[in-house]
Engineer: 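Quick one: structure below, then a few questions.
As the structure is a prediction and not an experimental result, all values here were calculated from the model. Heavy atoms only: backbone and side chains are in, while hydrogens, waters and symmetry mates are out. In listed order, ligands and their atoms are each counted from 1.
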Amino acid sequence: MASTGAFRNGTQKGALKFDRPLSINSNPKSSPSSSFSSPSSSSFKSKPGVRRNSVGSLPGVPAKDDASVSGRVRVAVRLRPRNAEELEADSDFADCVELQPELKRLKLRKNIWDSDTYEFDEVLTEFASQKRVYEVVAKPVVESVLDGYNGTVMAYGQTGTGKTYTLGRLGEEDAADRGIMVRAMEDILAEISPETDSVCVSYSQLYMETIQDLLDPANDNISIMEDPKTGDVSLPGATVVEIRDQQSFVELLQLGEAHRFAANTKLNTESSRSHAILMVHAKRSVKGKDSALSSENGSMSSMLKTLKPPIVRKGKLVVVDLAGSERIDKSGSEGHTLEEAKSINLSLSALGKCINALAENCAHVPVRDSKLTRLLRDSFGGTARTSLVVTIGPSPRHRGETTSTIMFGQRAMKVENMLKIKEEFDYKSLSRRLDIQLEKLIAEHERQQKAFQDEIERITIEAQKHIFVVERNYADALEKEKLNYQKEYMESLKKLEEQWSKEQQKHGITKIELKDNGLIKTSVEEIHAVSSEEMVEVERLLQEESLLRKSAEEEANNLRNQLILWKRSEEARTSEISKLQKLVEDEARQKQQLEEEIAVLQSQLMQLSFEADETRRKIDGGGAGEVPNGLDSLISQVRHQPLQYSGDGKTSMAKLFEQGGEHASTYILLLSYCLFSAIHLSIVLDFFLIKLSVPTVGLHKILSLLEAEDVDVRIHAVKVVANLAAEETNQEKIVEAGGLTSLLMLLRSTEDETIHRVAAGAIANLAMSETNQELIMAQGGVQLLSMTAAYAEDPQTLRMVAGAIANLCGNDKLQMRLRAEGGIKALLGMVRCRHPDVLAQVARGIANFAKCESRASTQGTKIGKSVLIEDGALPWIVQNANNDVSPIRRHIELALCHLAQQEANAKDMIGGGALWELVRISRDCSREDVRALAHRTLTSSPTFLTELKRLRIGYG
Ligand code: ADP
Ligand code: MG
């Protein structure tokens with residue numbers, strides 16, 4: 001059921017493509033030994049991953065030949081034991097089946113003499129335990145899901161044969177009864193690590209082509225979403241619950257069951273008529289070398305390695321409890337109308353058809369016929385590991401249903417899947433990790449800065465205190481010294497005064513004595529003696545004085561020295577402070593550098609994500625050769641020239657990364673962010689090329705870029721528009737937003753061949769709708785296309801232009817104007833380029849035009865010769881009627897038939913040799929319808945018939 005549509009640049013839509021390899025063992029019956037030789041469950045267990053490759057492989061590493069391993073759908077048959085009713089009612093009859101589990105064979109009795117034998121991957125008898133059933137049917141699938149593959153476990157069979165018993169049993173009374181859902185979740189929860197991994201489930205039911213949420217019954221019309229790139233199918237509207245423990249899962253199943261019961265009562269149906277679908281999403285992060293992605297990274301630079309994002313594997317397990325496979329009574333016995341009855345069975349019969357088509361390798365698999373087949377497109381013929389258990393009952397009364405169940409299982413065994421690991425880089429978590437690292441660095445820096453400041457403050461305060469103490473001590477000491485001096489000075493003064501007065505007294509007495517007694521000599525001598533004693537005393541005192549003074553001076557000097565020392569130490573401290581300040585400054589500089597580095601890292605992260613996306617697109621797009629050249633060169637440009645962001649740009653980039661590039665709004669942000677730089681803009685536009693889903697807001701921006709100054713920007717913008725225009729759903733929006741006018745303007749205003757080619761391609765795509773054809777005409781598009789055709793050299797440009805004109809040729813209303821404005825001349829003129837692609841488009845245009853003409857002539861609105869013949873196209877048509885290139889030949893064959901249907905052309909056609917070609921076509925053309933058309937045309941034209949008769953060519 002895997003199909004991918006390719007809608008790119010060309011005028012034709014790509015046909016559906018089926019990559020489904022043929023099974024080596026497509027008929028399991030034919031080679032039992034190779035397929036079923038292993039004992040017990042091992043045939044189910046062949047683990048995938050022999051060759052692992054992944055969606056997001058890194059740039060520079062060429063994608064290996066493919067990313068998948070083949071895995072056939074495994075089918076087990078399980079027989080339910082006789083129930084009470086059967087024990088009683090069928091007691092006289094043997095079971096209609098006989099199992100040979102060791103041979104993995106089942107014998108189905110046709111009558112007492114005859115039986116058919118079928119082989120299965122596993123044959124489970126009525127005695128098989130639930131544990132064994134789980135291990136054989138589901139465990140290998142669960143293990144694959146944990147390894148990052150998608151997996152499906154499905155039960156098919158008549159109502160009452162044990163589908164729900166096998167899948168949905170909760171085993172609350174007896175743990176041995178637990179079914180596949182419960183056991184699968186136990187295994188999953190045991191394997192995952194809660195810190196890094198997660199498990200989410202949704203549970204819904206499909207009834208009459210409507211999907212209801214079993215976890216939220218009000219949500220009763222859920223739509224299916226298919227990712228056109230990955231082919232992933234999901235139910236975005238369904239409630240998704242994260243599961244952390246087994247108990248909550250069991251409760252969730254109970255809740256679902258209760259809702260299912262209530263819903264079925266309301267809809268007046270039974271659960272046997274609806275399909276229950278449990279989806280389990282397991283997301284696991286991969287340890288380094290386990291990953292396919294990381295093993296491919298050997299050649300990466302060490303810079304990139306530090307940036308390596310974590311890798312996650314996302315496996316999805318789908319468990320489907322199908323509706324009963326018995327044929328529903330179309331008379332509406334369940335109270336349904338016939339229409340309802342058809343709708344009830346639609347999904348199941350569509351599933352049968354798809355499996356038949358896949359089993360027989362048909363080119364077309366009708367996946368889109370029902371919701372069930374859409375939901376299961378990955379399970380059958382897709383990338384999932386799929387296990388089917390078909391359940392049957394023993395009763396001979398239901399032989400018919402049992403036979404058809406067995407046949408279903410047999411066919412399903414022929415379906416081959418290509419298992420593909422779902423592994424990708426977890427850019428979000430890398431971005432988170434970088435953010436956390438950045439925050440840590442900032443916090444650490446702030447902490448250090450604060451510590452420095454505190455330290456400086458502390459040192460300053462201490463120094464001030466010290467200075468204060470020293471100054472005070474010095475002042476105190478000085479004061480004390482001063483007081484001491486004063487005191488000593490006063491004392492010595494006093495002593496001197498006393499001495500002096502004593503001396504005076506002595507002198508006075510001596511003078512008197514001298515006058516009275518005449519004993520002068522003696523007295524003078526005495527006086528001398530006394531005063532010399534005194535003098536000695538004074539001298540001594542003075543000496544003492546000077547000593548004291550000296551010591552005081554020394555003391556003062558000491559203090560002064562101390563002060564100097566203090567001053568020096570203070571200077572040292574100040575210099576230390578300034579050193580610390582310098583350190584702080586250095587730290588700030590470092591912080592800035594770190595921030596710049598982070599910005600660079602983030603830009604590289606963006607680059608990586610581009611490259612990853614691009615590679616993924618490459619892989620998704622089917623591999624080789626589909627990537628536009630511009631993209632490659634741009635990416636390498638980015639690789640060698642890291643992006644530079646100024647100042648506050650960093651923060652906005654960080655924001656962008658938080659959004660993970662997931663939402664369209666992010667692209668717009670990116671777009672506006674990068675507007676100032678052409679090269680950045682080109683990258684963003686290429687990003688759009690990859691994403692191909694731009695909301696209308698973005699469309700206007702992109703369209704406005706078609707008029708940009710920079711030719712590179714214009715080229716990238718026009719490529720984006722062309723890619724958008726290739727999707728039918730976008731075309732109306734593009735035209736509404738004025739895109740068609742802008743594209744036509746580009747043809748007029750630019751001389752760049754690339755722009756011409758891409759714009760013409762976009763116009764060709766838009767020209768597929770009738771409304772747009774008229775618009776192109778009204779806006780003078782034909783002259784512009786003709787002009788482009790006249791000057792273009794590149795065959796691809798010519799192919800696009802020819803394709804656009806060819807589309808216009810198919811519009812009945814535009815015939816005359818198309819010719820009048822030179823469109824036909826231009827179309828015919830392009831045959832100068834002999835490239836087969838161009839010729840095929842010209843031939844298509846001619847065929848379209850001729851068809852319209854022939855229609856008009858049948859309606860009587862056209863009389864006279866074909867314009868094509870008048871414009872001289874006939875010789876080229878005749879020359880190429882048997883061209884080796886089949887599209888050219890096919891279109892021309894049709895064109896000849898259409899021309900021949902206009903009797904007015906008959907003469908010219910005979911003259912130009914076209915009759916021979918028509919005869920040849922009517923006899924040899926490989927397409928039967930064309931052959932018949934040519935034949936009809938020849939026989940209905942009297943002129944041709946006469947000529948044929950004249951030439952004696954038997955015809956009629
Ligand atoms: P279905 O879902 O196919 O309609 P159920 O699972 O509801 O069938 O089974 C019908 C009945 O048969 C239930 O009562 C179930 O318990 C019983 N049953 C089914 N398979 C087994 C089995 N292997 N062993 C015992 N009882 C079974
Ligand atoms: Mg059931």
Engineer: Would the number of heavy atoms belonging to other residues, nucleotides or ligands and lying under 6.0 Å from CD of Glu102 be above 12?
Structural biologist: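 Yes.
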Engineer: If the threshold is 4.0 Å, N to carboxylate O, is there a salt bridge linking Lys353 and Asp369?
Structural biologist: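 The answer is no: the pair does not qualify as a salt bridge.
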Engineer: Just which atoms of ligand 1 are under 4.0 Å from any heavy atom in Thr159?
Structural biologist: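 Taking each heavy atom of Thr159 in turn, ligand 1 has 4 (O) under 4.0 Å.
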Engineer: Taking 4.0 angstrom as the limit, do Asp177 and Arg169 come out as a salt bridge?
Structural biologist: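 Arg169 and Asp177: salt-bridged.
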Engineer: Of Leu351, Leu348, Val75, which is the lone residue that meets side-chain contact (heavy atoms from CB on, under 4.5 Å) with Phe408?
Structural biologist: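 Only one option passes, and that is Leu351.
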Engineer: For Leu108, run the side-chain contact (heavy atoms from CB on, under 4.5 Å) check against Asp114, Thr403, Ile392 and tell me which one passes.
Structural biologist: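 Going through Asp114, Thr403, Ile392 one by one, the side-chain contact (heavy atoms from CB on, under 4.5 Å) with Leu108 is satisfied by Thr403 alone.
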Engineer: Is the distance between the Mg ion (ligand 2) and the nearest N/O/S atom of Thr164 smaller than 2.8 Å?
Structural biologist: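 So Thr164 counts as coordinating the Mg ion (ligand 2), yes.
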Engineer: At what distance is the nearest protein heavy atom to atom 12 (O) of ligand 1, and which residue and atom is it?
Structural biologist: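 Result for atom 12 (O) of ligand 1: Arg80 CD, 3.5 Å.
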Engineer: Would you please test Ile180 and Val137 for side chain to side chain contact (heavy atoms under 4.5 Å, CB included) and show each step?
Structural biologist: CA-CA 9 Å; Ile180 283 175; Val137 174; 4.2 Å; yes
Engineer: Does some non-hydrogen atom of Arg78 fall short of 4.0 Å from ligand 1?
Structural biologist: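 A heavy atom of Arg78 does come that close to ligand 1.
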Engineer: Among protein heavy atoms, which lies nearest atom 6 (O) of ligand 1, and at what distance?
Structural biologist: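 Nearest protein contact, heavy atoms only, for atom 6 (O) of ligand 1 is Tyr165 N, 2.7 Å.
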Engineer: Any idea which atoms of ligand 1 are less than 4.0 Å away from a heavy-atom of Lys163?
Structural biologist: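 Every atom of ligand 1 under 4.0 Å from some heavy atom of Lys163: 1 (P), 2 (O), 3 (O), 4 (O), 6 (O), 8 (O).
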Engineer: With a 4.0 Å cut-off on heavy atoms, is Pro81 touching ligand 1?
Structural biologist: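 Yes.
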Engineer: Are there protein heavy-atom neighbours of atom 14 (O) of ligand 1 below 4.0 Å?
Structural biologist: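 Within 4.0 Å: no protein heavy atom nearby.
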Engineer: Strictly below 4.0 Å, N to O, side chains only: are Glu126 and Arg82 in salt-bridge contact?
Structural biologist: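 Salt bridge absent between Glu126 and Arg82.
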Engineer: Using heavy atoms and a 4.0 Å limit, tell me yes or no: is Thr391 in contact with ligand 1?
Structural biologist: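 No, Thr391 has no heavy atoms under 4.0 Å from ligand 1.
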Engineer: Identify the closest protein heavy atom to atom 11 (C) of ligand 1: which residue and atom is it, and at what distance?
Structural biologist: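 Protein heavy atom with the smallest distance to atom 11 (C) of ligand 1: Gly160 O, 4.4 Å.
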Engineer: Counting non-hydrogen protein atoms only, what is the nearest one to atom 2 (O) of ligand 1? Give residue, atom name and distance.
Structural biologist: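 Sorting protein heavy atoms by distance from atom 2 (O) of ligand 1 puts Thr164 OG1, 2.7 Å first.
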Engineer: Using a 3.5 Å cut-off on N or O atoms only, is Gly162 in polar contact with ligand 1?
Structural biologist: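 Yes, at least one N or O pair falls under 3.5 Å.
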Engineer: Is it true that Gln130 lies under 4.0 Å from ligand 1, counting heavy atoms only?
Structural biologist: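 Heavy atoms of Gln130 never come under 4.0 Å of ligand 1.
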Engineer: Counting heavy atoms only, which part of Ala128 comes closer than 4.0 Å to ligand 1: side chain, backbone, both or neither?
Structural biologist: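 Ala128 to ligand 1: no contact under 4.0 Å from either part.
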Engineer: For a side-chain hydrogen bond (donor to acceptor under 3.5 Å, both in side chains) check, start with the C-alpha distance between Thr166 and Arg78, then their side-chain angles and the critical distance, and finish with the verdict.
Structural biologist: CA-CA 9 Å; Thr166 302; Arg78 183 182 198 184; 2.9 Å; yes
Engineer: Does this structure show an ion pair linking Lys371 with Glu209, if we count only N-O contacts that are shorter than 4.0 Å?
Structural biologist: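 Salt bridge absent between Lys371 and Glu209.
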Engineer: Can you establish whether the number of heavy atoms outside Glu88 located under 6.0 Å from its atom CD is more than 12?
Structural biologist: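 Not more than 12 within 6.0 Å, no.
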Engineer: List every atom of ligand 1 that sits less than 4.0 Å from any heavy atom of Gln158, numbering the atoms from 1 in the order shown and giving each element.
Structural biologist: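 Every atom of ligand 1 under 4.0 Å from some heavy atom of Gln158: 3 (O).
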